Engineer: 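After the structure tokens below, expect a handful of questions from me.
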Amino acid sequence: MIVLANDGISEKGIQLLKEADITVLEARVSPEHLSKFINDNNVDVLLVRSATQVRKDLIDKCPNLKIIGRGGIGMDNIDVKYAIEKGIYIINTPTASCKSVAELVFAHFFSLARFLHESNRLMPLEGETNFNALKKSFNNATELSGKTLGVIGMGNIGVEVIKMGISLGMKILVYNRTPKTEKVQLSFFDGQSLEFEIKSVNLDEVLKNSDFISLNTGLTDGYLIDSKELELMKEGVFIANTARGGVINEVALLDAIESGKVYGAALDVFENEPTPEVLILMNPALSLSPHVGGNTMDAQNRIGEELAQQIIKIKAQL
């Protein structure tokens, strides 16, 4: 069996596959050459992350593909239903990167709440000559403890965000498209654990009462957060989107920042990815990262290991 990891795979994943007598190709093949490469190299398994698109035309051009794997949760870059109809196995790693994404949410929230995103830009430029003025400009910081965290989407990542919010002493409000009650367990270093029952509420309640809002939904049909939803939010709210570009209307977000409704926002994903709008990139109220939610060494090792284990299991069945 031959595997093409077109968007990369961890050394742990490669090791497990090689031990199972599976060949791993780590070439990064461009979209226009991908089908030819797959056919010329007799590739059985195509592994991707978010960069590579696996659409019907590619599937049709590669009749020998047996498995398509997605390193991560979202499958919107793969025509999953069509691939299954063609007899191709579809695998992914729905929990491997959840903690990494949740930690990025709070990295951005802390950065925004303490102006770190802006002070890190300005200190190298003005720290020597304008220290006291900078200090004064960043004195309206806020704590997360005791504030209300609104989580939109109670999937695997949303649950990890909830856990971290609870651990910080935040009040929790959650919206899920399908009403849901989830038992959330926090485990501690000494073996103790605590369980919390979290029940979702309607979207308006989350928007009206949250001080920090984390978007953790899948791809939506149109904007989930638009001008109407932004208007419902508390004055001075903080927002983080690590879900998908297009979940929030970026133009409406900039307007809400300009009006003071939104005090700061974090974007790890963008409507025009990988070329975000300049107005987004230059806005000082935004904390930005280039779609790196699951890009920790820990998550990549878990992703590689889980993909390898699934491929090995399927190979034994073929």
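Only a predicted model underlies this, so the values are computations on that prediction, with no experimental measurement involved.
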Engineer: Keeping to residues at least two apart or across chains, list the ring-ring contact (aromatic ring centres under 6.0 Å, His included) pairs with something in residues 258-301.
Structural biologist: Phe238-Tyr263
Engineer: Mind listing the closest non-hydrogen atom pair of Leu16 and Ala308 along with its distance?
Structural biologist: CB-CB, 3.8 Å
Engineer: With a 4.5 Å cut-off on side-chain heavy-atom distances among I, L, V, M, F, W and Y, is there a chain of contacts connecting Leu112 to Val101?
Structural biologist: yes
Engineer: Quick one: which residue pairs count as a ring-ring contact (aromatic ring centres under 6.0 Å, His included) with a foot in residues 16-44, not counting sequence neighbours?
Structural biologist: none
Engineer: Is the ring pair Phe110/Phe106 parallel, tilted or perpendicular, if the boundaries are 30 and 60 degrees?
Structural biologist: tilted
Engineer: Would you kindly say whether Thr95 and Asn156 are connected by a side-chain donor-acceptor distance under 3.5 Å?
Structural biologist: no
Engineer: Mind checking ring pair (Phe, Tyr, Trp, His ring centres under 6.0 Å) for Tyr89 and listing every partner two or more places apart, or none if nothing turns up?
Structural biologist: none
Engineer: Do we see a donor-acceptor contact under 3.5 Å between the side chains of Glu306 and Gln310?
Structural biologist: no
Engineer: Per the salt bridge (charged side-chain N to carboxylate O under 4.0 Å, His left out) rule, what does the pair list look like for residues 98-115, sequence neighbours excluded?
Structural biologist: Lys99-Glu160
Engineer: Charged N to carboxylate O under 4.0 angstrom, Asp60 versus Lys86?
Structural biologist: yes
Engineer: Give me the other members of the hydrophobic cluster that Val278 sits in, counting Ile, Leu, Val, Met, Phe, Trp and Tyr linked by side-chain heavy atoms under 4.5 Å, directly or via other members.
Structural biologist: Met282
Engineer: Suppose the criterion is ring-ring contact (aromatic ring centres under 6.0 Å, His included): which pairs have a residue in residues 128-176, not counting sequence neighbours?
Structural biologist: Phe115-Phe138
